[in-house]
Amino acid sequence: MKGERALTGRIGSPPDRLLREEILEPQFRMEAERLLPWYVLAEKVLTLEYLRMGVLDHAQAARLGAALSKVDAAGLDPGAAMTDMVFAIESRVLALLEEAPPPGWHVDRSRNDLQACAQLLYGKERLLELAALVAACVRAGQTTAARHLDDLMPGYTHLQPAQVTTPAHYLTALTTHLLRTLSRLRDAYAGLDLSPLGAGAMTGLELPWDRPRMARLLGFAAAQPHTLVAVASRSWVLEVCAELSTAGVTLSRFVTDLMTWSGGGHGFVDLPDELAGISSAMPQKRNFPLLERVRGRAAHLSGHYLDAVLCQRATPYGNSVEVAKEGGVALTALLDGAASLFRLLRLVLERLSFRTEVMRAACEREYLGGFTLANLLTLRTGVPAREAQVIAGRYIAAAVAAGRPPFDADPQGLAALAAPYGVSVAEAEGLLRDSGNLRRMLGRGPGSPEPEAVASLLDEQRAELAGLERDWERLRATHRAAPAEVDRLLGEGPPIGGR
């Protein structure tokens with residue numbers, strides 16, 4: 001009866017053709033490509049529990065384990081299993097055994113917790129991969145920042161030149177956010193690290209399943225203590241999607257700056273020819289569509305997050321296809337998109353160059369010393385701070401109206417503007433000279449663009465990254481050791497086809 005074995009007595013017909021083509025077969029292909037190894041691992045752990053409980057003997061468990069090890073996507077026949085992954089694995093194992101399975105195999109169990117388990121194991125694997133990609137972006141940003149500690153560039157507020165900064169100061173802001181992402185993803189991982197296996201459909205199972213032991217065998221930190229939460233909750237999907245969407249929003253802002261600074265109006269940054277594009281009509285153009293792609297892929301993350309939210313919102317709190325499977329479409333797309341985004345961002349950060357002379361020239365032609373001038377008026381001449389702001393602003397407005405560049409000082413003009421306030425600026429020339437010192441404009445102390453401060457921050461960030469990577473490596477080692485340990489416990493066993 002192979003291929004015609006009844007799976008249920010409740011429904012007498014196979015799935016409708018349109019149902020198969022539109023829903024079941026695409027779902028099956030996705031699970032065969034992405035979830036199959038994790039379904040198989042969970043099946044092996046269930047087999048070990050049958051052995052522990054005495055439902056199977058050692059020889060039976062070993063044969064089933066050997067058969068499960070031979071299950072691959074090519075050997076699955078969805079047509080013989082209602083186009084369902086769990087049933088397809090069962091059918092494939094039966095075909096490999098070439099004999100009737102032990103009667104107790106598959107007793108007292110459900111698909112619900114098995115599906116939830118496979119999804120969580122897949123999610124953990126993908127998060128571990130993403131963590132490595134984010135860490136690589138941090139290192140790339142730090143390396144580029146370290147090359148530009150002393151290079152000056154204009155900083156912008158409201159899209160207008162505001163103060164003097166450095167590429168290193170700017171890039172360490174980016175790496176600060178990336179480190180935060182890496183830390184928050186680690187926290188999100190904890191939400192995936194609770195095993196649902198043994199929770200059954202929603203209220204648990206009837207045999208004395210050792211759920212903590214199964215969790216350890218699967219590489220989870222513990223078993224999810226609540227059986228309904230184990231099969232009904234997909235809050236981990238929302239948490240992961242939210243963290244990556246948030247990261248995408250922030251990264252899009254940094255990439256927008258790079259797009260602006262690479263344009264003809266600034267010319268501050270450049271990418272090599274192999275990362276550039278051309279115009280089909282204008283031979284003088286050298287475009288950077290890579291930056292546009294990175295920003296566009298960051299946008300998709302927020303769209304997928306909203307998709308995941310809407311697939312769960314206002315659904316009943318129980319196992320459902322709408323939440324568990326339709327909601328998974330957004331997760332898979334988001335994880336793929338995030339991985340691509342971080343790979344491309346790393347490429348940009350590694351190959352990005354700053355045109356230091358162009359940036360310095362931009363600093364020299366802008367009136368970026370107004371803040372310093374106002375401070376010096378107060379600190380050296382005793383002008384009240386608000387009045388100092390007015391005097392400095394009027395001095396700059398007069399210079400702009402006269403077409404005088406920032407470093408063409410007008411001490412007499414400054415003195416004349418201060419006089420109505422009862423202020424005698426005896427050292428106007430010295431004030432203007434010091435307020436025009438670009439290095440002085442960098443600010444002072446921790447967190448500022450001052451080269452020593454940024455270098456210190458980089459050291460702190462490197463230490464933070466090292467700690468986070470150690471955390472992730474421990475999680476990675478636990479997760480990836482599970483399959484080998486489960487196979488070891490199952491043993492080789494006798495040949496699949498007989499005793």
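Because the structure is a prediction, the values reported are computed rather than measured.
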Has the side chain of Thr175 got a donor or acceptor atom that lies under 3.5 Å from a matching backbone atom of Thr172?
-> yes

What side-chain donor-acceptor pairs closer than 3.5 Å can you find for residues 306-316, not counting sequence neighbours?
from: Gln312; atom 1: NE2; to: Arg234; atom 2: O; distance (Å): 3.0
from: Thr315; atom 1: OG1; to: Gln312; atom 2: O; distance (Å): 2.7

Hey, are Thr256 and Arg295 close enough side-chain-wise for a donor-acceptor pair under 3.5 Å?
-> yes

Counting only heavy atoms not in Glu274, do more than 12 fall under 6.0 Å of its CD?
-> yes

Do the non-hydrogen side-chain atoms of Leu218 and Trp38 ever get within less than 4.5 Å of each other?
-> no

Pairwise side-chain contact, Leu114 with Leu46, heavy-atom cut-off 4.5 Å (strictly under) | yes

Just by modelled atom types, is the Leu128 backbone N or O under 3.5 Å from a matching donor or acceptor in the Arg476 side chain?
-> yes

Between the side chains of Gln115 and Gln119, does any donor sit under 3.5 Å from an acceptor?
-> no

SB check Asp459 Arg462 (cutoff 4.0 Å) = yes

Exercise: identify the closest heavy-atom pair between Tyr122 and Leu335 = CE2-CD1, 4.2 Å

Can Asp273 and Arg286 be counted as an ion pair, charged N to O under 4.0 angstrom?
-> yes

Is it true that Glu364 and Arg360 make a salt bridge, defined as a side-chain N closer than 4.0 Å to a carboxylate O?
-> yes

The single option from Glu90, Glu49, Glu43 passing salt bridge (charged side-chain N to carboxylate O under 4.0 Å, His left out) against Arg109 = Glu43

Leu35 versus Met85: any side-chain heavy-atom pair under 4.5 Å?
-> no

Okay, side chain of Thr332, backbone of Val329: is any donor-acceptor separation there less than 3.5 Å?
-> no

On the ring face of Phe220, is Lys124 found with NZ or CZ under 6.0 Å from the centre and within 45° of the axis?
-> yes

Where do Met359 and Pro154 come nearest, in terms of heavy atoms and distance?
-> O-CD, 3.7 Å

Can you check whether Glu206's main-chain N or O pairs, donor with acceptor, with Asp108's side chain at less than 3.5 Å?
-> yes

Does any non-hydrogen side-chain atom of Leu458 lie less than 4.5 Å from one of Leu149?
-> yes

Sidechain-backbone polar pair: Asn319 side chain, Asn112 backbone, donor-acceptor under 3.5 Å | no

Hits for side-chain contact (heavy atoms from CB on, under 4.5 Å) against Val321, two or more places apart or cross-chain, chain-then-number order -> Lys325

Sub-3.5 Å donor-acceptor pair from the side chain of Tyr305 to the main-chain atoms of His300, do we have one?
-> no

If only atom types and distance count, is the side chain of Arg211 paired as donor or acceptor with the main-chain N or O of Ser195 below 3.5 Å?
-> yes

Consider only side-chain N and O atoms of Thr227 and Thr203, and report whether a donor and an acceptor are under 3.5 Å apart.
-> no

pair His304-Cys241: side-chain heavy atoms closer than 4.5 Å | no

Val454, Thr356, Thr166 screened by side chain to side chain contact (heavy atoms under 4.5 Å, CB included) with His148, the one that passes = Thr356

Indicate, with yes or no, if the rings of His479 and Tyr189 have centres closer together than 6.0 Å.
-> no

Is the ring centre of Tyr170 less than 6.0 Å from the ring centre of Trp261?
-> yes

Within the side chain of His226, is there an N or O that forms a donor-acceptor pair under 3.5 Å with the backbone of Leu228?
-> yes

Under 3.5 Å, is there a donor-acceptor pair between the side chain of Arg355 and the main chain of Phe268?
-> no

Judged by atom type as modelled, is there a donor-acceptor pair below 3.5 Å linking the side chain of Thr144 to the main-chain atoms of Ala140?
-> yes

Does one side chain, of Glu243 or Thr181, offer a donor that lies under 3.5 Å from an acceptor on the other?
-> no

Run the salt bridge (Lys or Arg N to Asp or Glu O under 4.0 Å) check on Glu350 and Arg346 step by step: do they pass?
-> CA-CA 6 Å; Glu350 287 177 339; Arg346 175 187 178 182; 2.8 Å; yes

Given ring pair (Phe, Tyr, Trp, His ring centres under 6.0 Å), test His266 with Tyr156 step by step and report yes or no.
-> CA-CA 12 Å; His266 292 80; Tyr156 295 83; 5.6 Å; yes

Val323 vs Val237 side-chain heavy atoms within contact, under 4.5 Å | no

Which residues share a side-chain contact (heavy atoms from CB on, under 4.5 Å) with Ser340, sequence neighbours left out = Arg297, Arg343, Leu344

Could you check if a side-chain atom of Phe371 sits within less than 4.5 angstrom of a side-chain atom of Met441, using non-hydrogen atoms only?
-> no

Arg474 and Asp471: salt bridge (Lys or Arg N to Asp or Glu O under 4.0 Å), yes or no, with the steps?
-> CA-CA 5 Å; Arg474 284 193 291 269; Asp471 290 347; 2.2 Å; yes

